[in-house]
Amino acid sequence: MAGKSQQASDKGSHGVPAGGWGSAKAVGEILLREHIPLAGPSLLAHQNKPDGYMCVSCAWAKPAKPHPLEFCENGAKATSWEVTNRRADRAFFEAHSLAELEGWSDHDLEEQGRLTEPMRWDSTTDKYVPVTWLDAFEEIGSELRMLSPEQVDFYTSGRASLEAAYMYQLFARMYGSNHLPDSSNMCHESTSVGLPESIGASIGTAILSDFQNCSCIFYLAQNVGTSSPRLLHDLQDAVDRGVKIVTFNLLREPGLERFVNPQAPSQMLTGKQTPISSQYCQVKNGGDIAALFGVCKALIEADDALKASGMSKVAGTDATPDDVADAATVAFAASIAAADKKHVLDHDFIEAHTAGFEEFADAARNYEWAELERVSGLTRDQMMQAAHTYANSDAVLMVYGMGLTQHIMGVQNVQMVANLALLRGNIGKPGANICAVRGHSNVQGQRTVGITEKPGLVPLDKLAQLYRFEPPHWTGHSTVDTCKAILQGEARAFIGLGGNYLRAIPETEAVEEAWRNLRLTVQIATKLNRTHVVHGEIAYLLPCLGRIEIDEQAGGPQAVSMESSIAHFHGSRGRAKPASSHLLSEPAIIAGIAKATLTKGVVPWDSWVDDYTKIRDAIERTYPETFKDFNKRLFQPGGIPRPLPARERKWVTANGKANFITPRRLFPDFSSAASARDVLHLATLRSNDQFNTTIYGYNDRYRGVEGTRRVILMNVDDIDRLGLHNGQIVELVTAIAEQTKRSLPGFKVMAYDIPAGCCGAYYPETNALFPLDHHDQKSKTPAYKLLPIRVIASPAAVRH
Ligand SMILES: Nc1nc2c(c(=O)[nH]1)N[C@H]1C(S)=C(S)[C@@H](COP(=O)(O)OP(=O)(O)OC[C@H]3O[C@@H](n4cnc5c(=O)[nH]c(N)nc54)[C@H](O)[C@@H]3O)O[C@H]1N2
Ligand SMILES: Nc1nc2c(c(=O)[nH]1)N[C@H]1C(S)=C(S)[C@@H](COP(=O)(O)OP(=O)(O)OC[C@H]3O[C@@H](n4cnc5c(=O)[nH]c(N)nc54)[C@H](O)[C@@H]3O)O[C@H]1N2
Ligand SMILES: [Mo]
């Protein structure tokens, strides 16, 4: 039963624990590289503190009683990257045409440093040249007025504040468009669509205290050491309390195996490591529905056996356990009975609060273990062991990330997590909830204040009443729809509030080509990226203040706010000197464009920009319950909690119940060609040296990758079987929708601890392989964690 990947080994894939000296060293290196040896450390002391600024990296919780240094290696990197002394100024743009910059890597573009003044593309020289803010707003406004609102898409990346996001969606709607695609469409959209059907919440229900009250954590498909390192502190504290962590991940991620707290001197000096996972289930990508069905099957059948033995309160038959179950299940049931428990499932909760249990339970009973093992890549023993831990824990917290959401069956993955939680009432009691770990630092909050293409999620009547206009009621474009509209020539203008759209989306090559036909591209940004370099007929690059910078307006220095992964709102006050005196804040830029575009309306754009408390008052007027006393509570330690009915077991669903939703199948139905023996399933990954499309460097020290990002992580048996060898240069070719050839040369084979049939490579280098239609049907989240590909020997040289 003790399979190789069952127990957390004491070494990660590369013997590197998460955190530790490597982390401390990396922070020092990045501060030096960005030329900020002094400002950096003193600034970092204010990161994620009640009167400080909220980290621009991940969205993890900001505790009421922060650690002295409430930052991590990656937060420090993100801060340094923003307050860098490097500048992409007018001299830089004078020296480089956009045609030339198109040949640059993502890393080299951003590495030029902060943008310093507004720029307009000049067609005669093919360069960005300085322009005044007023001229920029005027031309953008007059172009937008000439287009019809259906032709314009307003993208948002998840970093902009609640204030900026609220203004932006209001502007788009007053202009007449619901085309408000956002980074969330590529990220947790499966959560936003899946959880409302299951439990009537569009976000996770967990808050920080659940980490202190749980007795077990199921940790699924999230790479804590890289993506939200501060959450490691909460995991470490939980482990110290004896909490069992059961991990389901495609890879053996060091952060989920062992942690050395770089902020605990005793751990640093003694090298003491906290083992994180008590059980590590190395699941195949896309295997989670099968894996969780296995856990549920074990629980349901043990419950059936108890019921049959007459030990359960809901007894009803004369059958003995041996009649209904095999030895393993009987043993499981007996262990529960021995612990003086009457049943495995929480029947009272199921009865009182849920619908759909019987159908779900039957589906679980009907799956054969062999099939669940084949699809998940786990053994029955592993799934049974996870079920034991689950059944013996009073309060189980479910934590998950992109390895569940970015799938063809992303919504069903998320709903499967809810199903497992519902079996034992693990929602809405202390320590038991669902924690959807968010990505960008305010991606969750933007949706809260109206950034969405779905008009049903926005109080349109309220907006109409407050601002006296008729908002559009049609459904707008999600990110994938925007790509389609660009490909079909229906979209004519794209406004980007941050982000790097052309690198983040699927089907990058075709969309890039079509993008050049857009009439207008406007990018509000801090650093140069590919989405600014490839451009439309009229193109603007509008540089903004970052969150860490002092935002001085007529009414004095301003604060902004954001929502963390655990649904708390926090104020944030910038402390660094702005990168350039020509920068405007995001609210000021949005107001400038709005005023130049809209011909009517009653929004006091100028006074909002002078004093952001007025924007927050407007947010409170629009959402009185969610943002009650918003300004007054802005800097409340620990943040302002957002109302979460599901935490109180109030289910805001169509039937007023929490719903078991039975997935239709275990795995996507790919064509038979895509199931051929030489096809592998690619998951795209983040390295420890990147933030999304921002590439800090070419090492991933946790995974032992050095000096390149063009690697393909493969199982040794697959390397052999396909006649390849470690270190060989190969081409990656998409094995679905093959009428269009999608391929990328110059990847290096790297033998890695990954289940057979699966492979991994970095995002965004691999995005050109993804067909646009390869997404979850309901949420349209691109299936970035499972693409059938072929790995083919090729003579091309390695490139970055
Ligand atoms: N340093 C850093 N921090 C970040 C980001 C960053 O790029 N860099 N990005 C931010 C953003 S926007 C987001 S959304 C989050 C992303 O943070 P995560 O949710 O951690 O997303 P990924 O890094 O893509 O990795 C997902 C994890 O899922 C595993 N996995 C892949 N496929 C499967 C599968 O099918 N099943 C299971 N069980 N596991 C699977 C991978 O091995 C990996 O450990 O992080 C945020 N924070
Ligand atoms: N293959 C694959 N593709 C993926 C993913 C994956 O796992 N695999 N993950 C998806 C996910 S989860 C996400 S969230 C998306 C990310 O997609 P995006 O959010 O569009 O991309 P980012 O790389 O986060 O954007 C970086 C740029 O944001 C700008 N920026 C930084 N700070 C600020 C600021 O304060 N204000 C403004 N205005 N601009 C700023 C800078 O110019 C920087 O170059 O990518 C998605 N794409
Ligand atoms: Mo994300």
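In each ligand, atom 1 is the first atom listed, and ligand 1 is the first ligand listed. The residues of the chain are indexed from 1 along the displayed sequence.
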With heavy atoms of [X] as the reference, note each atom of ligand 2 found under 4.0 Å away.
X	answer
G498	37 (C), 38 (N), 39 (N)
N529	27 (C), 42 (O), 43 (C), 44 (O)
K527	41 (C), 42 (O), 44 (O)
Y155	17 (O), 18 (P), 19 (O), 20 (O)
G499	18 (P), 20 (O), 21 (O), 25 (O), 27 (C), 28 (O), 29 (C)
A525	38 (N), 39 (N), 42 (O)
E586	34 (C), 36 (N), 37 (C), 38 (N)
I524	37 (C), 38 (N), 39 (N)

Under 3.5 Å side-chain donor-acceptor pair for [X] and [Y]:
X	Y	result
H477	D153	yes
N688	E73	yes
H440	S157	yes
E163	S561	yes

Legend entry - Pairing residues for Y612 by the ring-ring contact (aromatic ring centres under 6.0 Å, His included) criterion, not counting sequence neighbours: none

Inset, instruction - Output all residues satisfying ring-ring contact (aromatic ring centres under 6.0 Å, His included) with Y784, sequence neighbours left out; order by chain, then residue number. - result: F770

Legend entry - Side chain R547, main chain C55, donor-acceptor under 3.5 Å: yes

For ligand 2, which is the ligand I care about here, please tell me if [X] has any N or O atom under 3.5 Å from one of the ligand's N or O atoms.
X	answer
E82	no
L528	no
H532	no

Inset, instruction - Tell me the residues surrounding ligand 1, counting only those with a heavy atom closer than 4.0 angstrom, sorted by chain and number. - result: C58, N74, C187, A221, Q222, N223, T226, S227, F248, N249, L250, L251, E253, V283, N285, G286, D288, G401, M402, G403, H407, G439, H440, L685, R686, Q690, F691, N692, K785

Legend entry - E512 bridged to R530 by N-O distance under 4.0 Å: yes

Inset, instruction - Could you tell me if any non-hydrogen atom of E110 lies under 4.0 Å from any atom of ligand 2? - result: yes

Inset, instruction - Tell me, please: is T766 in heavy-atom contact with ligand 2, that is, under 4.0 Å? - result: no

Inset, instruction - Could you tell me if the ring centre of H532 sits under 6.0 Å from that of F93? - result: no

Legend entry - Residues forming a side chain to side chain donor-acceptor pair (under 3.5 Å) with Y400, sequence neighbours excluded: T191

Legend entry - Row check, F691 ring normal vs R159 NZ/CZ: under 6.0 Å, within 45°: yes

Legend entry - Option passing ring pair (Phe, Tyr, Trp, His ring centres under 6.0 Å) with F494 (candidates W515, Y540, F154): W515

